[in-house]
Amino acid sequence: MIRAIKIGSVLLGKENSIVIQSMTNTRTTDIEATIAQINALQIAGCELVRVAVPDLESAHAIKEIASRVTVPLIADIHFDHRLALEAMKSGASKIRINPGNIGSKDKVSEIVKVARERSVAIRVGSNTGSIKSAYLSKYDRATALAESALDQVQLLERLGFEQIVISTKSSSVVENYKSNVYIRKKTDYPIHLGITEAGLGDAAIVKSSIGIGALLMQGIGETIRVSITGDPLREVHIARTLLSAIGKTSEPQLISCPTCARTEIDVEALAKDVERWLSQSRINAPITVAVMGCVVNGIGEGKHADLGIAGTKTGAVLFAKGKIIETVERSEVRERFLKILGNSIGGGS
Ligand code: SF4
């Protein structure tokens with residue numbers, strides 16, 4: 001059993017569901033912009049938000065930000081222990097540091113003391129840029145990455161601190177996978193999963209889906225961040241889709257066929273309409289909706305769908321669990337399908 005770690009109002013580990021997190025890309029000192037982004041992330045489904053703390057001004061800004069948002073905040077700190085202390089005093093529920101980069105043991109002890117007093121969790125770990133050279137000469141890269149992270153954990157444990165979340169990240173999916181499997185065998189602390197510097201668009205989505213998804217499907221990982229260059233809202237949307245695809249959430253799923261020469265309706269346009277509808281309706285149930293181009297394969301392939309549509313020569317048929325429930329004319333396809341969707345599944349129109 002993975003031990004439970006509390007981050008503000010959010011519990012990681014034990015039987016709790018996988019927690020989605022993201023990171024703001026506003027200046028933390030721009031309090032209004034940062035709060036607006038945090039709120040947007042929360043509405044999109046983000047449960048923990050990390051903010052960068054590059055200076056004391058940013059650490060102090062957390063005070064007002066934390067007082068005006070309800071999602072727990074994580075302060076991202078590099079090197080300077082004073083920033084960690086100020087961020088915690090300002091209301092951060094978790095800090096991300098690498099004790100090995102903080103300097104003297106006294107400085108790390110100071111951080112631990114304040115973290116304990118304020119019930120702040122600490123995320124420690126490693127990435128490919130922080131692997132200790134001693135480990136690289138002793139182990140393969142994935143193991144060296146994991147051992148570097150465990151080294152940071154032991155530093156905190158020696159100070160009697162155990163409110164730890166551990167992360168080890170590589171931009172290599174394979175290295176990332178092996179490293180996290182290794183860590184899971186060695187510790188019962190919650191693991192934060194992500195592919196670091198995953199890049200842009202499609203490449204980032206593919207890397208994150210495999211890199212995070214493969215581990216989650218083995219029961220490894222308690223919180224995830226999809227890292228993608230650009231708008232962090234996209235990270236949350238991808239994270240939710242990822243969790244839904246592997247059955248870790250009870251969100252609706254859209255299936256649609258790739259289209260071919262048999263296609264009788266505009267599958268892409270209709271699928272986009274349905275996706276938008278499902279997203280706006282905020283249905284929290286594991287229903288499946290199918291949009292298929294033809295009846296030849298469509299109904300059979302979508303037979304597990306709670307509601308589906310398949311194109312015909314004259315329009316389309318609507319089906320539920322593989323059984324046809326209605327025939328519609330070509331001119332009515334979109335309108336009728338969205339209406340039936342609203343009536344049968346509810347929550348939108
Ligand atoms: Fe082609 Fe029909 Fe399959 Fe869609 S469901 S890909 S239209 S055969």
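Every number for a ligand or one of its atoms is a count from 1 in the order of the listing. By convention here, the first residue in the shown sequence is residue 1.
Side-chain contact check for His304 versus Ile255: some heavy-atom pair is nearer than 4.5 Å. Between Ile340 and Val328 the shortest side-chain heavy-atom distance does not fall below 4.5 Å. Taking the side chain as every heavy atom from C-beta outward, Val333 and Asp266 never approach each other to under 4.5 Å.
When each of Leu145, Asp151, Thr143 is paired with Glu147, the side-chain contact (heavy atoms from CB on, under 4.5 Å) condition holds for Thr143 and for no other. Checked options Val153, Ile166, Ile220; the residue passing with Ile183 is Ile166 (criterion: side-chain contact (heavy atoms from CB on, under 4.5 Å)).
When only non-hydrogen protein atoms are considered, atom 8 (S) of ligand 1 lies nearest to Asn297 ND2, 3.3 Å. At the shortest separation from atom 2 (Fe) of ligand 1 among protein heavy atoms lies Cys294 SG, 2.3 Å. The protein heavy-atom contact nearest to atom 4 (Fe) of ligand 1 is Cys257 SG, 2.4 Å.
For Val296, the heavy-atom gap to ligand 1 stays at 4.0 angstrom or more.
Taking every heavy atom of Thr259 and a limit of under 4.0 angstrom, the matching atoms of ligand 1 come to 6 (S). Ligand-side atoms of ligand 1 in range of Thr263: 7 (S), range being under 4.0 angstrom from any heavy atom.
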Between Ser170 and Glu175, does the side chain to side chain donor-acceptor pair (under 3.5 Å) criterion hold? Intermediate values first, please. CA-CA 6 Å; Ser170 167; Glu175 217 167 84; 3.1 Å; yes

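Among the atoms of Cys260, an N, O or S atom is found under 2.8 Å from atom 1 (Fe) of ligand 1.
At a heavy-atom cutoff of 4.0 Å, ligand 1 is contacted by no atom of Val267, backbone or side chain.
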